[in-house]
Colleague: 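Here it is, the structure in full.
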Amino acid sequence: MIVIGQMTFAYYIIRLYGSSVLQGNLEGWNAMTSHGYVPSDLMGNIVFGAHIFFAAVITIGGPIQLLPQIRARIPRFHRINGRLYIGSAFLISLAGLYLAWIRGAAGGLTGSIFITINALIILTCAYFAIRYAIQRNLEIHRQWAIRLFLAMSGVWFFRVFLMLWLVIHQAPVGFDPETFQGPFLNALSMFVYILPQVFAQIYFRAKATLSTKFKIVASVGLISLTLGIIVGVFGATMGLWLPVL
Ligand code: HEM
């Protein structure tokens with residue numbers, strides 16, 4: 001489900017931002033944010049363009065990296081794509097920090113603090129994923145790679161669970177759609193940027209444990225999240241991504 005949903009997000013990124021560049025219409029970058037293309041801010045536009053470029057690279061590269069068939073059949077691809085993915089993780093986070101703190105973004109100070117926590121988690125997971133790959137400690141490398149993938153998917157989870165919330169309530173409940181701030185968005189940020197790291201820990205433990213009860217509880221949790229993701233991906237595709245293409 002995540003592979004399908006992230007490929008849809010990648011399609012949106014390439015179609016919206018890539019086509020605007022090819023058509024020489026950079027104003028098209030402002031379809032989803034007022035901070036995309038700002039005529040007087042060359043540096044900011046370059047950083048935003050780079051951020052979007054790496055967003056496309058990682059949104060396509062990430063899910064492919066986790067497919068066991070690719071790892072087993074074309075390990076060389078896994079190594080090249082892995083280097084690209086981790087390099088992009090560093091660059092997208094640094095570009096994102098510039099956008100959040102120097103250029104200014106929707107969501108105000110609280111939004112910037114949460115996305116910064118996301119960037120720090122990404123940088124930490126990327127560091128350990130490389131470290132254990134170099135040490136050839138593949139089991140621990142795999143765990144850090146999964147944590148990294150979840151952290152890198154944070155902004156995607158944000159959009160998916162926001163749309164799930166809107167599908168359920170049919171109205172912006174718990175936040176102000178003008179300022180893009182409010183208690184619901186703070187709770188959502190914690191849920192999508194921080195809690196996936198806890199879920200990953202539960203998942204690793206559930207795989208290792210002999211307790212059937214623990215495995216069942218973890219599986220029910222994972223299935224519930226997946227059901228939420230299915231509805232959220234549908235909501236994000238129909239409500240966020242397709243309408244601007
Ligand atoms: C790692 C995966 C990430 C992806 C795939 C991603 C993707 C995107 C996309 C597609 C946009 C354009 C808005 C839209 O079309 O929805 C965007 C904007 C932005 N991103 Fe990221 N991003 C990621 C990580 C980050 C991180 C870690 C930060 C901060 C440290 C960040 C900060 C921003 C900011 C500030 C904007 C501008 C939003 C605005 O103008 O209000 N992003 N990102």
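In each ligand, atom 1 is the first atom listed, and ligand 1 is the first ligand listed. The chain is numbered in sequence order, starting from 1.
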Colleague: Flag the pair Phe191 / Phe161 as yes when their ring centroid distance falls below 6.0 Å, and as no otherwise.
Modeller: yes
Colleague: Evaluate the ring planes of Tyr193 and Phe158, with Trp represented by its six-membered ring, and classify them as parallel (under 30°), tilted (30 to 60°) or perpendicular (over 60°).
Modeller: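 Rings of Tyr193 and Phe158: parallel, under 30°.
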Colleague: Say whether Ser93, considering both its backbone and side-chain N or O atoms, lies within less than 3.5 Å of an N or O atom on ligand 1.
Modeller: no
Colleague: Can you tell which part of Tyr17 has a heavy atom less than 4.0 Å from ligand 1: side chain, backbone, both or neither?
Modeller: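 The answer is the side chain.
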Colleague: Please determine which of Phe53, Tyr37, Phe48, Phe54 meets the ring-ring contact (aromatic ring centres under 6.0 Å, His included) test together with Tyr17.
Modeller: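 With Tyr17 as partner, ring-ring contact (aromatic ring centres under 6.0 Å, His included) holds for just one option, Phe48.
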Colleague: What is the minimum heavy-atom distance between Arg103 and His35, and which atoms define it?
Modeller: NH1-O, 2.5 Å
Colleague: Which residue and atom name correspond to the protein heavy atom nearest atom 11 (C) of ligand 1, and how close is it?
Modeller: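 Its nearest protein heavy-atom neighbour is Ile52 CD1, 3.6 Å.
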Colleague: For Gln181, does its backbone N or O pair with a side-chain atom of Asp176 as donor and acceptor, under 3.5 Å?
Modeller: no
Colleague: Heavy-atom count check: over 12 atoms from other residues, nucleotides or ligands less than 6.0 Å from Phe90 CZ?
Modeller: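 Yes, because the 6.0 Å sphere around CZ of Phe90 holds more than 12 heavy atoms from other groups.
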Colleague: For a quick check under 3.5 Å, do Trp144 and Thr124 share a side-chain donor-acceptor pair by atom type?
Modeller: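 No, Thr124 and Trp144 have no side-chain donor paired with an acceptor closer than 3.5 Å.
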Colleague: State yes or no: are the ring centers of Phe149 and Tyr85 separated by less than 6.0 Å?
Modeller: no
Colleague: Distance check, rounded to the nearest 0.5 Å: Asn45 atom CG versus Trp29 atom CH2?
Modeller: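 Output value for this atom pair is 6.0 Å.
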Colleague: Near Ile58, which atoms of ligand 1 are under 4.0 Å from a heavy atom of that residue?
Modeller: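 It comes down to these atoms of ligand 1: 1 (C), 2 (C), 5 (C).
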Colleague: Considering only the protein, which heavy-atom contact is closest to atom 4 (C) of ligand 1, and what is its distance?
Modeller: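 Nearest protein contact, heavy atoms only, for atom 4 (C) of ligand 1 is Val155 CG2, 3.3 Å.
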Colleague: Among all protein heavy atoms, pick the one closest to atom 20 (N) of ligand 1 and tell me residue, atom and distance.
Modeller: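 I find the closest protein heavy atom is His51 NE2, 2.9 Å.
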Colleague: Give the residue, atom name and distance (to 0.1 Å) of the protein heavy atom nearest atom 36 (C) of ligand 1.
Modeller: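 Result for atom 36 (C) of ligand 1: Leu99 CD1, 4.0 Å.
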Colleague: Number the atoms of ligand 1 from 1 as they appear, then name those within less than 4.0 Å of a heavy atom of Met152, with their elements.
Modeller: 1 (C), 2 (C)
Colleague: Give the atom numbers and elements of ligand 1 that come within less than 4.0 Å of a heavy atom of His35.
Modeller: 39 (C), 40 (O), 41 (O)
Colleague: How far is atom 40 (O) of ligand 1 from its nearest protein heavy atom, and which residue and atom name does that atom have?
Modeller: Thr33 OG1, 2.5 Å
Colleague: For atom 38 (C) of ligand 1, what's the nearest protein heavy atom and its distance?
Modeller: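 Nearest neighbour among protein heavy atoms for atom 38 (C) of ligand 1, to 0.1 Å: Ala105 CB, 4.0 Å.
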Colleague: Report yes or no: does Asn137 contribute a side-chain atom to a donor-acceptor pair with the main-chain N or O of Tyr132 at less than 3.5 Å?
Modeller: no
Colleague: With no hydrogens and no angle check, just 3.5 Å: does a side-chain donor-acceptor pair link Arg147 and Gln201?
Modeller: yes
Colleague: Which atoms of ligand 1 sit under 4.0 Å from any heavy atom of Leu97?
Modeller: 29 (C), 30 (C)
Colleague: Side chain of Ser34, backbone of Asn30: donor and acceptor closer than 3.5 Å?
Modeller: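 Such a contact is absent between Ser34 side chain and Asn30 backbone.
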Colleague: I'd like to check whether Tyr12 has a polar contact with ligand 1, where a contact means an N/O of the residue lying under 3.5 Å from an N/O of the ligand.
Modeller: yes
Colleague: To check your reading of the model: name the closest protein heavy atom to atom 7 (C) of ligand 1, its residue, and the distance in Å.
Modeller: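 That would be Ala55 CB, 3.7 Å.
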Colleague: So if I count the atoms of ligand 1 from 1 in the order they appear, which ones are less than 4.0 Å from some heavy atom of Ile92?
Modeller: 1 (C), 2 (C), 3 (C), 4 (C), 23 (C)
Colleague: For atom 26 (C) of ligand 1, what's the nearest protein heavy atom and its distance?
Modeller: Ile115 CG1, 3.8 Å
Colleague: So, is Ala106 polar-close to ligand 1, with some N/O to N/O distance under 3.5 Å?
Modeller: yes
Colleague: What atoms in ligand 1 come closer than 4.0 Å to a heavy atom of Arg159?
Modeller: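 Contacts of ligand 1 toward Arg159, numbered from 1: 9 (C), 11 (C), 13 (C), 14 (C), 16 (O).
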Colleague: Looking only at distance, does Thr116 have an N or O less than 3.5 Å from an N or O of ligand 1?
Modeller: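 Thr116 vs ligand 1: no N/O contact under 3.5 Å.
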